Q: 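Dumping the structure here so I can ask a few things about it.
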Amino acid sequence: METSVTPTHCPYCALQCGMNLTPAAGGGVTVTERVDFPVNRGALCGKGRTAPALLSPALRLTEPLVRRDGVLVPASWEEALDRVAEGLTRTRTEHGPDACGVFGGGGLTNEKAYALGKFARVVLGTSQIDYNGRFCMSSAAAAGNKAFGMDRGLPFPMEDIPKTGCVILVGSNLAETMPPALRYFTELKENGGTLIVIDPRRTRTAEQADLHLAPRPGSDLALALGLLHLVVSQGRTDEAFIEERTSGWEETRAAAMAHWPEYVERITGVPVPQLREAVRMFCEPENAMVLTARGPEQQSKGTDTVGAWINLCLATGRSGRPYSGYGCLTGQGNGQGGREHGQKADQLPGYRKLTDPEARRHVAGVWGVDPDSLPGPGLSAYELLDALGSDIRSLLLMGSNPVVSAPRAAHIQQRLESLDFLAVADVVLSETAALADVVLPVTQWAEETGTTTNLEGRVLLRRQAVAPPDGVRSDLYVLHQLAARAGVEKGFPVDPEEVFEELRRASAGGIADYSGITYRRLAEENGVFWPCPAQDDQQAAPHPGSPRLFLDRFATEDGRARFVPVAHRPIAEEPDAEYPVLLTTGRVVAQYQSGAQTRRVDELNAAAPGPFVELHPRLAARLGAGEGDAIAVVSRRGRAVAPARITTSIRPDTVFMPFHWPGEGRANTLTNPALDPTSRMPEFKACAVRLETVRP
């Protein structure tokens with residue numbers, strides 16, 4: 001008997017690793033290697049290998065829940081959907097459309113993100129929609145748009161990384177966050193290239209580096225400016241590239257020259273000789289890259305920080321040519337596509353601006369509505385969550401768990417609890433879903449078909465491999481049913497390919513143009529890079545997609561990249577006598593994001609069973625704390641308690657906590673919601689805390 005094999009993609013990070021799913025003899029599916037997919041070439045991390053565990057009905061939601069007498073109890077789909085429709089309608093009637101909020105997720109497929117944005121603006125008529133991807137790479141997106149006129153995580157495929165001469169990796173621990181990607185950096189070194197890792201901790205990734213710089217958290221902007229100062233003073237700028245392909249250099253040069261090496265050493269703690277060595281390693285090869293992740297981005301000055309690293313690339317001519325450039329390592333599975341098609345507060349499908357009259361006209365034409373009926377931009381993610389219970393009275397939430405993942409999380413939990421009505425669609429009963437008035441059990445990766453866009457800008461087809469449990473429906477079904485209950489009978493199909501066909505039309509002519517991409521092409525070509533416009537001539541060969549951007553011109557009006565002058569400024573909350581230590585946060589290899597799914601997998605929990613506080617031996621000695629002792633970390637926003645993990649791999653002035661767990665060890669109880677003025681990214685990566693030992 002022939003066993004069917006379904007080629008698909010991992011549900012977790014933005015690598016979107018290829019995998020095959022094969023039916024298991026006793027039910028369920030097993031994961032096998034899919035070596036034909038070029039990003040991971042068969043390699044998978046523990047999260048990917050164990051992903052089928054969550055298909056078990058024992059670990060996930062299998063029937064709707066409604067709150068009766070303060071308790072969530074099972075209900076029929078009809079009752080649950082009626083309650084959601086009634087809750088949203090009541091809010092619109094009593095308080096107006098903007099009192100209804102919608103909150104999405106970077107793990108939703110392109111089809112779901114598109115339909116959710118359309119639902120918010122067409123059915124609810126609300127401007128109040130954003131998503132948790134705002135917490136992911138919005139600062140990199142803002143900086144990329146300023147400099148290049150376009151935001152795509154990587155402007156080149158991953159396969160280009162081993163072919164460059166040097167990579168500066170800023171604030172990424174990819175050995176733990178996306179382990180299959182580490183092979184590209186191993187191959188880089190095997191090819192004679194070098195790796196510079198910038199991180200306050202000596203992580204597993206930093207262990208692989210030829211040079212590790214350990215700056216004080218929140219000082220990455222000064223570090224980048226100090227490197228650019230040295231590039232200028234050593235005569236290592238590429239004057240021909242600057243003249244021919246950029247604008248704004250003189251102002252940027254002047255700003256960098258105010259950040260001399262000794263000044264930068266005082267701010268960052270990175271010795272001047274290491275700064276000089278980093279410049280030598282970066283500038284001597286013909287080609288080089290800078291890749292950033294959440295470290296420099298999740299700051300109240302994240303846009304300027306990323307902009308400073310882009311300036312370094314432009315000043316040295318390391319952009320707009322093969323095997324060179326700036327790129328961002330996107331975090332969530334569809335973090336890239338999730339912000340391209342309308343679930344972000346200020347955007348319409350195709351990465352169009354909501355304030356652009358032509359963009360509104362085009363998308364409204366596809367949707368069959370009056371452009372003037374579309375609301376304007378709404379609040380960003382944290383601001384939206386902060387407004388719950390006051391300006392926003394009801395919330396529809398899909399694929400996010402802000403009780404664990406939002407900054408100042410205890411406050412956000414209180415805001416959620418103060419809502420008149422909360423509906424959550426999710427695979428599992430997350431900490432946020434547990435607060436809801438209605439919980440809708442929805443399909444997940446292997447139970448549905450849809451597209452995602454990985455960190456390279458490669459649009460991919462996830463295929464359905466198994467049927468969902470009887471009581472589970474898709475997010476598209478939920479939106480279709482809610483729209484119908486609101487009197488909108490058409491425009492919200494349940495079939496994902498039908499949604500994608502409309503998305504193609506809506507994105508046509510936009511920055512993220514998917515109009516030349518079809519499900520058939522995605523299946524046959526192992527993904528297609530956007531932009532990929534449809535050809536006007538039906539007889540012409542299809543557009544091949546765009547794996548490498550900016551080789552001829554940048555996406556600005558004049559085709560030139562723009563230098564943006566920036567200057568160092570401190571983090572929003574510097575240490576002081578009361579809170580003398582810096583806290584930074586991040587991930588561990590066996591858990592993912594808020595942990596709502598991975599914390600339900602036995603193998604992953606065995607590897608990473610709970611939170612911890614990582615601190616240097618000198619700091620531990622001052623506290624009188626030993627390995628495993630309970631440590632209270634206290635900020636101006638709250639208190640978290642977790643066991644001490646004592647290590648010399650962290651700076652003595654810094655502590656680290658992973659953010660995957662709720663309850664007493666919730667790291668985001670502590671974090672600072674100070675927002676970047678451009679990206680509206682909260683400052684997850686640096687805040688002032690004090691430490692206390694917790695005695696039995």
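For clarity, every value in this text was computed on a predicted model and none was experimentally measured.
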Q: Got a sec: does the CG of Asp576 have more than 12 other heavy atoms crowding it under 6.0 Å?
A: yes
Q: If you apply the rule side chain to side chain donor-acceptor pair (under 3.5 Å), what do you find for Thr292 with Glu297, and how did you get there?
A: CA-CA 8 Å; Thr292 67; Glu297 297 163 17; 2.8 Å; yes
Q: Is Gln336 close to Asn454 at the side-chain level, that is, under 4.5 Å between some pair of heavy atoms?
A: no
Q: Let me see the working for Thr678 and Thr303 under side chain to side chain donor-acceptor pair (under 3.5 Å), right down to the final yes or no.
A: CA-CA 7 Å; Thr678 303; Thr303 301; 4.7 Å; no
Q: If only atom types and distance count, is the side chain of Thr205 paired as donor or acceptor with the main-chain N or O of Ala175 below 3.5 Å?
A: yes
Q: State whether Lys685 and Asp220 are salt-bridged, where the test is any N-O pair (Lys NZ or Arg NE/NH1/NH2 against Asp/Glu carboxylate O) under 4.0 Å.
A: no
Q: Please indicate whether Arg204 has more than 12 foreign heavy atoms, meaning atoms of other residues, nucleotides or ligands, lying under 6.0 Å from its CZ.
A: no
Q: In Å and rounded to the nearest 0.5 Å, what is the CD to CZ distance from Glu431 to Arg599?
A: 4.5 Å
Q: Could you check whether any side-chain N or O of Gln597 sits under 3.5 Å from a backbone N or O of Leu54, counting only pairs where one atom can act as donor and the other as acceptor?
A: no
Q: Between Arg216 and Glu574, is there a side-chain N and carboxylate O pair less than 4.0 Å apart?
A: yes
Q: List in chain and number order the residues that pass side chain to side chain donor-acceptor pair (under 3.5 Å) with Asp69, two or more places apart in sequence or in another chain; answer none if no residue qualifies.
A: none
Q: Could you tell me if the side chain of Arg60 sits less than 4.5 Å from the side chain of Arg600, heavy atoms only?
A: no
Q: For the residue pair Phe656 and Phe612, does the interplanar ring angle fall in the parallel (under 30°), tilted (30 to 60°) or perpendicular (over 60°) class?
A: tilted
Q: Measure the spacing between CD of Gln591 and NZ of Lys47 and express it to the nearest 0.5 Å.
A: 8.5 Å
Q: Where is the tightest heavy-atom contact between Pro296 and Val170, given as atom of each residue plus distance?
A: CD-O, 3.5 Å
Q: Quick one, Gln16 with Asn40, criterion side chain to side chain donor-acceptor pair (under 3.5 Å). Give me CA distance, side-chain angles, the key distance, then yes/no.
A: CA-CA 9 Å; Gln16 286 297 279; Asn40 63 309; over 6 Å; no
Q: Which class fits the ring pair Phe103 and Phe135: parallel under 30°, tilted 30 to 60°, perpendicular over 60°?
A: tilted
Q: For side chain to side chain donor-acceptor pair (under 3.5 Å), just list the numbers for Gln332 and Asn132, CA-CA rounded to whole Å, side-chain angles, deciding distance to a tenth of an Å, and then say yes or no.
A: CA-CA 9 Å; Gln332 294 191 77; Asn132 63 15; 2.8 Å; yes
Q: Any ion pair linking Arg569 and Asp304 (charged N to carboxylate O, less than 4.0 Å)?
A: yes
Q: Would you tabulate the side-chain donor-acceptor contacts of residues 264-275 under 3.5 Å, counting partners in other chains and residues two or more places apart, or write 'none'?
A:
{"unit_1": "Glu265", "atom_1": "OE1", "unit_2": "Val272", "atom_2": "N", "d": "3.0"}
{"unit_1": "Thr268", "atom_1": "OG1", "unit_2": "Val264", "atom_2": "O", "d": "2.8"}
{"unit_1": "Thr268", "atom_1": "OG1", "unit_2": "Val270", "atom_2": "N", "d": "3.0"}

Q: Evaluate whether atom CD of Glu627 has more than 12 neighbouring non-hydrogen atoms of other residues, nucleotides or ligands under 6.0 angstrom away.
A: yes
Q: Can you find a pair of side-chain heavy atoms, one from Leu182 and one from Gln208, that are under 4.5 Å apart?
A: yes
Q: Between Glu573 and Arg637 (salt bridge meaning N to carboxylate O under 4.0 Å), is one present in this structure?
A: yes
Q: Check whether any side-chain heavy atom of Leu691 lies under 4.5 Å from a side-chain heavy atom of Val633, and answer yes or no.
A: yes
Q: On the 0 to 90° scale, with breaks at 30° and 60°, tag the His568-Tyr263 ring pair as parallel, tilted or perpendicular.
A: perpendicular
Q: Can a donor-acceptor pair be found, under 3.5 Å and without considering hydrogens, that links the side chain of Asp151 to the backbone of Gly144?
A: no
